[in-house]
Structures are given as structure tokens and as C-alpha cells.
Amino acid sequence: MADHSATDFDWQVRHFIYQHFKATGSAPTIEQTAQQFGVSVEAARDSYHHLNDAHAIFLTPSSDTIYMASPFSNVPTDYRVYANGVAYWANCAWDSLGIPAALHSDAEIEAVLPLERQTVCYAIRNGVLEPPAEGVRIHFSLPCRIWYENLIHT
Amino acid sequence: MLLFRSEEHIDQWCAQSGEPRGESMSMETIWELAKAWYHPRLEMDFHGRSTEQAEAMFASVGLNSPFWRF
């Protein structure tokens, strides 16, 4: 992840964004972030865009709304993760496991298979993966050198 | 990164969607990768990692083909 223009304040904002995701399952708005730090909404907006430029978070194009902060998605996806009484959306199969890893917690996960649109369930219990009974494979379509700098497409 | 029942289902999905056929692995492998990759993600001083560090993480769980190098 390239650190193009993020300041110390921006990294503090990033930390708040992630803590908000952890507590609520969703991203804070720029208004909520401005209130948290006692700054103007414009300052919060600038920080969100600095972090977007640094690929630390991703904004919906032409907006100030967070689309994702990996492993968390701010929009519904095929990957629903339940941990510590909070329901999260994960960006992909990898991130569905990334959420319990980031939270250092157990989790119950429901994923919709893209081909047949059926739901499979798996879990992390006592730190151990309990995979779907049916057996699954995880597919990465693109090599890492393509998606690493542009995570929004993974 | 999507989830499928089998290699055959991956082939079918790629044929239907036009997505390129990449690499696949077990969920167990991705759980091991996720634990290393995401463990520090919520920490204040996490600012990302270099491509060298990323390659090392991939290799640590057996992902060391050219697909996993920058």
C-alpha cells in the first residue's frame, strides 16, 4: 500500500474508521468523523480523500462515502460475518476470514456461492476454522501484482 | 476472491462470466493467510506493508508461484 499523502492526522482518522467498523459493522460518515476529532467537515473530507489516495480505505467514486476498508465492506455483499454480537459485510471470501482475524475473535459466516446462489456456512471457533461441510475452493482470478494496488476490484 | 464448491465450478464460472482462470486453494490456506495478513489491521500504527512483505506472507502459506509475486 503506497503512502502517497497521508498525514499523522489521517492515520488517526483511519484508526477511528476501523474502530467504528468494529463497533457497528459500518463506516463513519465524514460528519461523524469531524465530530469525533472536533474538526470541520471539510477537514474530515480531505482526510478521507488522502486515505483513499493512499489506498488505506476506498471511497465510492465521486463521493465522500467509504465503500470499503478491508476486510470490511460498507455495502451488502455475498459474505455476512457475525462476531461479538455485530453483523459485518466482508468484501470477498478472503475478507470473510479476514474479519475474525482482524477482530481477534471467533465468527459465524454465511456466504453465497456465485454460481448457484446457494448459501454455505462456516465458522471460526476457538480460533480454529470449521469449513463448510460440503467442501469449497477459493479462487483468485487475478495475480497479486494486478489487484494489490487496486483492491476495489477484488 | 470467490468461493466455489469445486474446481469444475470455478471452470464453469470463468466460462460464464469471462473472468480469467487464476489460482485456487483451500479455505484452510486462506485462513492461515488471513490470520497473518489481517492480525494488525485495527492497530493505530498499521500503515500497510511493502510488496516484499506481502510476497513473504504469501510464501509462508505455500503461495509462491509467479501468480503471487510482484
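Note: hydrogens, waters and symmetry copies are ignored here, and every other heavy atom, side chains too, is used. Note on naming: letters A, B, ... go to the chains in the order of the sequence lines (proteins, then strands), and numbering restarts at 1 for each one.
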For this session: Could you pull out the closest heavy-atom pair between B/A34 and A/A101, with the gap in Å?
Result: O-CB, 3.3 Å
Exercise. Are the side chain of A/H139 and the backbone N or O of B/R21 linked by a donor-acceptor pair below 3.5 Å?
Worked result: no
For this session: Answer whether the closest heavy-atom distance between the side chains of A/D95 and B/Y38 falls below 4.5 Å.
Result: yes
For this session: Please examine the side chains of A/R145 and B/F67, heavy atoms only from C-beta on, and report whether any two atoms are closer than 4.5 Å.
Result: no
Exercise. Is the side chain of B/S24 donor-acceptor paired with the backbone N or O of A/R137 at a distance under 3.5 Å, no angle test?
Worked result: no
For this session: State the CG-OG distance between B/L3 and A/S96, to the nearest 0.5 angstrom.
Result: 7.0 Å
Problem set entry | A/C144 side, atom SG; B/E23 side, atom CD - distance, nearest 0.5 Å | 10.0 Å
Exercise. Can you hop from A/Y67 to A/W89 via hydrophobic side chains spaced under 4.5 Å?
Worked result: no
Exercise. Relative to chain A, which segment of B/I10 carries a heavy atom at a distance below 4.5 Å: side chain, backbone, both, or neither?
Worked result: side chain
Problem set entry | Step-by-step side chain to side chain contact (heavy atoms under 4.5 Å, CB included) determination, B/L33 to A/W94 | CA-CA 9 Å; B/L33 178 63; A/W94 178 8; 3.7 Å; yes
Exercise. Which distance, rounded to the nearest 0.5 Å, do you find between the CD of B/Q16 and the CG of A/L115?
Worked result: 5.5 Å
Exercise. Are A/L51 and B/M44 in one and the same hydrophobic cluster, where Ile, Leu, Val, Met, Phe, Trp and Tyr link if side-chain heavy atoms are under 4.5 Å apart?
Worked result: no
Exercise. More than 12 non-hydrogen atoms from neighbouring residues, nucleotides or ligands closer than 6.0 Å to CD on A/Q35, yes or no?
Worked result: no
For this session: Would you indicate whether A/K22, at its atom NZ, is surrounded by more than 12 heavy atoms from other residues, nucleotides or ligands within a distance under 6.0 Å?
Result: no
Exercise. How close do A/A93 and B/L2 get, heavy atom to heavy atom, and via which atoms?
Worked result: CB-C, 4.2 Å
Exercise. Tell me, do B/R5 and A/V120 make a side-chain contact under 4.5 Å, heavy atoms counted?
Worked result: yes
Exercise. Is it the backbone or the side chain of B/E55 that comes under 4.5 Å from a heavy atom of chain A, or both, or neither?
Worked result: neither
For this session: Write down the atom of B/W13, the atom of A/P114, and the distance for their closest heavy-atom approach.
Result: CZ3-O, 3.6 Å
Exercise. Roughly how far, to the nearest 0.5 Å, is the CZ atom of B/R41 from the OG atom of A/S70?
Worked result: 6.0 Å
Exercise. Under a 4.5 Å heavy-atom cut-off, does chain B meet the side chain of A/F21, its backbone, both or neither?
Worked result: neither
For this session: Check the angle between the aromatic planes of A/F140 and B/W68 and answer parallel, tilted or perpendicular using the 30° and 60° thresholds.
Result: perpendicular
Exercise. Contact part of B/A54 toward chain A, heavy-atom cut-off under 4.5 Å: side chain, backbone, both or neither?
Worked result: side chain
For this session: Using a cut-off of under 4.5 Å on heavy-atom pairs, state which of A/P131, A/P100, A/P71 scores highest against chain B.
Result: A/P71
Exercise. Of all heavy-atom pairs between A/Y79 and B/M1, which one has the smallest distance, and what is that distance?
Worked result: OH-O, 3.9 Å
Problem set entry | Stepwise side chain to side chain contact (heavy atoms under 4.5 Å, CB included) check, B/W37 with A/L97 | CA-CA 10 Å; B/W37 191 270; A/L97 298 172; over 6 Å; no
Exercise. Linking I/L/V/M/F/W/Y whenever any side-chain heavy atoms sit under 4.5 Å apart, do B/M27 and A/Y82 land together?
Worked result: no
Exercise. What option among A/V136, A/I138, A/L103 has the most heavy-atom pairs under 4.5 Å with chain B?
Worked result: A/I138
For this session: Under 4.5 Å heavy-atom distance to chain B, tell me which part of A/I17 shows up: side chain, backbone, both or neither.
Result: neither
Exercise. With a 4.5 angstrom heavy-atom cut-off, which part of A/V112 approaches chain B: side chain, backbone, both or neither?
Worked result: neither
Problem set entry | Contacting moiety of B/W31, where chain A heavy atoms sit under 4.5 Å | both
Exercise. Of the backbone (N, CA, C, O) and the side chain (C-beta and beyond), which part of A/F16 lies under 4.5 Å from a heavy atom of chain B, both, or neither?
Worked result: neither
For this session: Identify the heavy atoms of B/E43 and A/H15 that sit nearest to each other, and give their distance.
Result: C-ND1, 3.9 Å
Exercise. Is the gap between the ring centers of A/W11 and B/F46 under 6.0 Å?
Worked result: no
